[in-house]
Amino acid sequence: MPPNPFALVTPASRGLSLALTRHLLRTTTMPVYATHRSESEDAIKDRILDTLDVDPTRLKLLHLELTSEPSISAAADKLSHLLQPNSYLHTGFFTGGILYPEKQPSDLDVSKITKVFQINVISHLLLIKHFSRFLPTAQKPDLATPAKWVHVSARVGSISENARGGWYSYRSSKAALNQVVKTFDLQLQMNKSQAVCVGVHPGTVKTDLSKGYWNSAAKGEIFEPEDAASKLVDVVNALETEQRGKVWDWAGKEIPW
């Protein structure tokens with residue numbers, strides 16, 4: 001029986017994640033599983049499929065709340081029941097992230113710090129825990145290219161490139177996420193899985209998260225969500241096995257730790 005690859009985007013209902021979901025539907029023939037938190041399935045489907053000339057049955061929705069491990073576990077179980085025999089995760093984008101822009105230590109707030117780490121780090125760890133079972137194993141038929149497990153990180157997570165300070169919780173959470181990327185990729189290597197884990201930096205994307213910083217973004221590094229999604233998918237598709245366990249920007253350049 002031939003393998004059945006599929007794509008996963010979580011969460012997938014707004015901004016960059018919405019654009020990634022639409023791009024994968026438009027440019028591949030794979031089923032695309034997309035997660036959402038609160039809106040009705042019909043509203044999410046209409047938003048994702050709007051103007052797309054694709055088979056709508058390729059889009060499958062999963063309810064998932066990033067702050068709830070039972071919800072993450074239930075979504076993974078539902079995915080398991082929906083998949084065709086011999087299915088495997090070909091490309092997964094894990095996009096959860098929030099930002100509180102502290103400029104100085106007096107701006108730090110424990111409830112906001114906790115929320116940032118819950119979304120930007122802990123949810124990514126729990127998604128690995130519950131969804132990595134869908135990656136191809138060493139026993140799967142040989143794949144021409146490895147499956148790609150992709151966490152959306154940020155350039156400000158680079159410790160060596162931090163020359164401006166500020167954004168304490170966001171910077172430190174993204175640095176922690178980069179460590180998650182490296183550690184999970186080592187696990188994949190140890191298990192001889194036909195998959196790699198990487199992080200990506202999309203640039204400054206015109207979404208609600210970055211709205212207050214569009215004017216201060218580096219020249220040539222601010223994108224509409226659709227453009228950012230296209231660039232990230234191109235970078236991920238081009239990555240070779242030896243580029244695993246690292247963080248790459250929208251132009252395919254490595255970001256140092």
Side-chain angles (χ1 to χ4, degrees), residues 1-12 17 19-36 45 48-49 52-64 72-95 124-152 180-200 229-230 232-246 248 252:
M1 181 180 296
N4 292 308
F6 69 92
L8 172 69
V9 183
T10 179
S17 59
L20 284 166
T21 306
R22 288 170 53 83
H23 187 83
L24 290 168
L25 284 166
R26 188 172 59 248
T27 61
T28 76
T29 59
M30 294 184 291
V32 178
Y33 292 84
T35 77
H36 66 102
K45 280 186 177 180
I48 294 174
L49 294 171
L52 292 183
D53 184 18
V54 300
D55 178 0
T57 64
R58 286 176 49 219
L59 175 64
K60 313 290 185 183
L61 296 184
L62 303 167
H63 183 269
L64 188 152
I72 294 171
S73 175
D77 288 342
K78 181 179 178 181
L79 174 59
S80 180
H81 290 302
L82 291 173
L83 290 174
Q84 297 296 315
N86 212 30
S87 292
Y88 73 93
L89 178 56
H90 177 281
T91 304
F93 279 95
F94 303 89
T95 65
H124 289 256
L125 287 166
L126 293 176
L127 288 164
I128 289 171
K129 175 182 177 180
H130 292 286
F131 281 85
S132 59
R133 57 174 150 151
F134 301 109
L135 287 169
T137 65
Q139 288 73 41
K140 285 280 185 183
D142 285 342
L143 303 176
T145 57
K148 310 290 176 57
W149 182 284
V150 186
H151 294 275
V152 176
V180 171
V181 167
K182 177 65 174 178
T183 302
F184 182 48
D185 187 70
L186 290 171
Q187 185 76 40
L188 293 174
Q189 292 184 62
M190 182 178 70
N191 293 343
K192 302 189 185 313
S193 173
Q194 296 182 76
V196 300
C197 178
V198 296
V200 291
S230 177
L232 289 187
V233 171
D234 286 347
V235 167
V236 168
N237 286 342
L239 290 175
E240 303 288 347
T241 302
E242 58 269 22
Q243 295 171 295
R244 65 189 308 155
K246 299 177 181 179
W248 303 91

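Everything numeric here is computed off the predicted structure, so don't read it as measured data. We count residues from 1, following the sequence as given.
Here Val152 pairs with Leu16, Thr95, Val200, Pro202 under the side chain to side chain contact (heavy atoms under 4.5 Å, CB included) rule; sequence neighbours left out. Listed by chain and residue number, Trp149 satisfy the ring pair (Phe, Tyr, Trp, His ring centres under 6.0 Å) test with Phe184 (two or more places apart in sequence, or in another chain). Not counting sequence neighbours, the partners of Asp77 by the salt bridge (charged side-chain N to carboxylate O under 4.0 Å, His left out) test are Arg133. For the side chain to side chain contact (heavy atoms under 4.5 Å, CB included) test, residues two or more places apart in sequence or in another chain that qualify with Ser87 are Asn4, Phe6, Leu83, Gln84. By the salt bridge (charged side-chain N to carboxylate O under 4.0 Å, His left out) test, Lys129 is found to be paired with Glu69, residues two or more places apart in sequence or in another chain being considered. With sequence neighbours excluded, the residues that form a salt bridge (charged side-chain N to carboxylate O under 4.0 Å, His left out) with Arg244 are Asp185. Residues satisfying the side chain to side chain donor-acceptor pair (under 3.5 Å) test with His124, not counting sequence neighbours, are His151. Asn237 pairs by the side chain to side chain donor-acceptor pair (under 3.5 Å) definition with nothing, not counting sequence neighbours. Partners of Ser230 under the side chain to side chain contact (heavy atoms under 4.5 Å, CB included) rule, at least two apart in sequence or in another chain, are His23, Asp234. For Lys148, the side chain to side chain contact (heavy atoms under 4.5 Å, CB included) partners at least two apart in sequence or on another chain are Pro146, Val150, Val196, Val236, Leu239. For Thr28, the side chain to side chain donor-acceptor pair (under 3.5 Å) test picks out Arg58, with sequence neighbours left out.
Expressed to the nearest 0.5 Å, how far CG of Leu49 lies from OG1 of Thr21 amounts to 10.0 Å. Atom NZ of Lys78 is separated from atom CG of Leu82 by 6.0 Å, given to the nearest 0.5 angstrom. In this structure, the separation between CG on Leu79 and NZ on Lys60 is 11.5 Å, given to the nearest 0.5 Å. Distance check, rounded to the nearest 0.5 Å: CD of Gln194 to OG1 of Thr145 gives 10.0 Å. Between Thr137 atom OG1 and Leu188 atom CG the span is 11.5 Å, to the nearest 0.5 Å. For the atom pair OG of Ser80 and CZ of Phe131, the computed distance is 10.5 Å after rounding to the nearest 0.5 Å.
Side chain to side chain, Asp55 and Thr57 meet the donor-acceptor criterion of an N or O pair below 3.5 Å.
Residues Gly199 and Val181 come closest through the heavy atom pair N-CG1, 3.6 Å. The two residues Leu64 and Ala75 have their closest heavy-atom pair at CD1-CB, 3.7 Å. Annotation for Leu62 and Leu8: closest pair CD1-CD1, 4.5 Å, computed over non-hydrogen atoms. Nearest heavy atoms, Val9 versus Ser17: CG1-O, 3.7 Å.
At a threshold of 4.5 Å between non-hydrogen side-chain atoms, the residues Lys246 and Val198 do not count as touching.
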Atom pairs and distances, side-chain donor-acceptor, residues 29-36, under 3.5 Å, sequence neighbours left out:
{"residue": "Thr35", "atom": "OG1", "partner": "Thr10", "partner atom": "OG1", "Å": "2.7"}
{"residue": "His36", "atom": "ND1", "partner": "Glu39", "partner atom": "O", "Å": "3.3"}

